[in-house]
Amino acid sequence: HIRGVHRDLRVLLALADCPNANIYATSGCCVIINQKWESEKTLARLRLGILGIEVLNFMVINYIVVGNTEETYDGVITGTLNITIAVSLVTWSASMLLEIMQLVGYLSEGLGKRYAANPRYWFDVFVAILSGAVNIALLFMPLENNDDYRFRTA
């Protein structure tokens with residue numbers, strides 16, 4: 001038993017980069033992973049919750065915008081749309097903050113190349129930028145333009 005081994009970045013990187021998948025079946029590795037998961041579980045659930053809210057919110061926005069023509073927009077629908085846009089901007093801001101914190105963490109530990117070489121992180125950044133673009137478009141776009149093909153594509 002080595003105290004704090006689950007917090008040692010070198011050990012965690014060695015486990016992550018190990019080409020032998022059988023290492024994960026060892027009891028020592030399982031203990032290290034379980035200990036690390038206990039400290040990361042809350043943040044992982046928070047990220048999942050934010051993403052779930054973001055997806056549900058975009059579904060509500062889509063229902064409001066697509067389900068109503070220009071003639072049927074009234075104060076209630078406009079107010080509801082504004083609330084969903086505000087929720088969307090808050091969840092997007094939280095997602096961006098977490099992504100920036102992750103990038104800063106990689107850079108502060110000298111792992112910038114590892115971050116840049118992983119397609120998963122590029123995809124996360126792409127999704128965050130696209131979500132932000134849709135949010136900003138919704139914020140500034142008049143409701144009458146919801147039939148525009150550029151909006152429907154985004």
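- Cys18 meets the side-chain contact (heavy atoms from CB on, under 4.5 Å) test with Asn20, Ile23; sequence neighbours excluded.
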Would you sort out whether Ile32 and Leu12 count as a side-chain contact (heavy atoms from CB on, under 4.5 Å), showing the intermediate values?
CA-CA 8 Å; Ile32 291 171; Leu12 297 173; 4.0 Å; yes
side-chain contact (heavy atoms from CB on, under 4.5 Å), that's the test. Do Cys29 and Ile33 meet it? Break it down for me.
CA-CA 6 Å; Cys29 184; Ile33 291 172; 3.6 Å; yes
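- Within the hydrophobic cluster formed by Ile, Leu, Val, Met, Phe, Trp and Tyr side chains joined at under 4.5 Å, directly or through other members, Leu111 is accompanied by Leu9, Leu13, Leu103, Tyr106, Leu107, Tyr115, Tyr121, Val125, Ile129.
- Evaluation of the side-chain hydrogen bond (donor to acceptor under 3.5 Å, both in side chains) rule for Asn34 yields no partner, not counting sequence neighbours.
- Residues Gln102 and Leu97 form no side-chain contact, since every pair of their non-hydrogen atoms from C-beta on lies 4.5 Å or further apart.
- The salt bridge (Lys or Arg N to Asp or Glu O under 4.0 Å) analysis of residues 23-34, with sequence neighbours excluded, yields no pairs.
- Under the rule for a side-chain contact (heavy atoms from CB on, under 4.5 Å), the partners of Phe126 that lie at least two apart in sequence or sit in another chain are Leu130.
- Residues that satisfy the side-chain hydrogen bond (donor to acceptor under 3.5 Å, both in side chains) test with Asn57, not counting sequence neighbours, are absent from this structure.
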Contacts table for residues 39-55: side-chain donor-acceptor under 3.5 angstrom, sequence neighbours left out:
| from | atom 1 | to | atom 2 | distance (Å) |
| --- | --- | --- | --- | --- |
| Ser39 | OG | Lys36 | O | 2.8 |
| Lys41 | NZ | Glu38 | OE2 | 3.2 |
| Arg47 | NH2 | Glu99 | OE1 | 3.4 |

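- A donor-acceptor pair under 3.5 Å is absent between the side-chain atoms of Ser88 and the main chain of Thr84, judged by distance alone.
- With sequence neighbours excluded, no residue forms a side-chain hydrogen bond (donor to acceptor under 3.5 Å, both in side chains) with Thr91.
- Evaluation of the ring pair (Phe, Tyr, Trp, His ring centres under 6.0 Å) test over residues 12-59, restricted to residues two or more places apart or in two chains, returns none.
- Listed by chain and number, the residues in a side-chain hydrogen bond (donor to acceptor under 3.5 Å, both in side chains) with Asp8 are Arg10 (sequence neighbours excluded).
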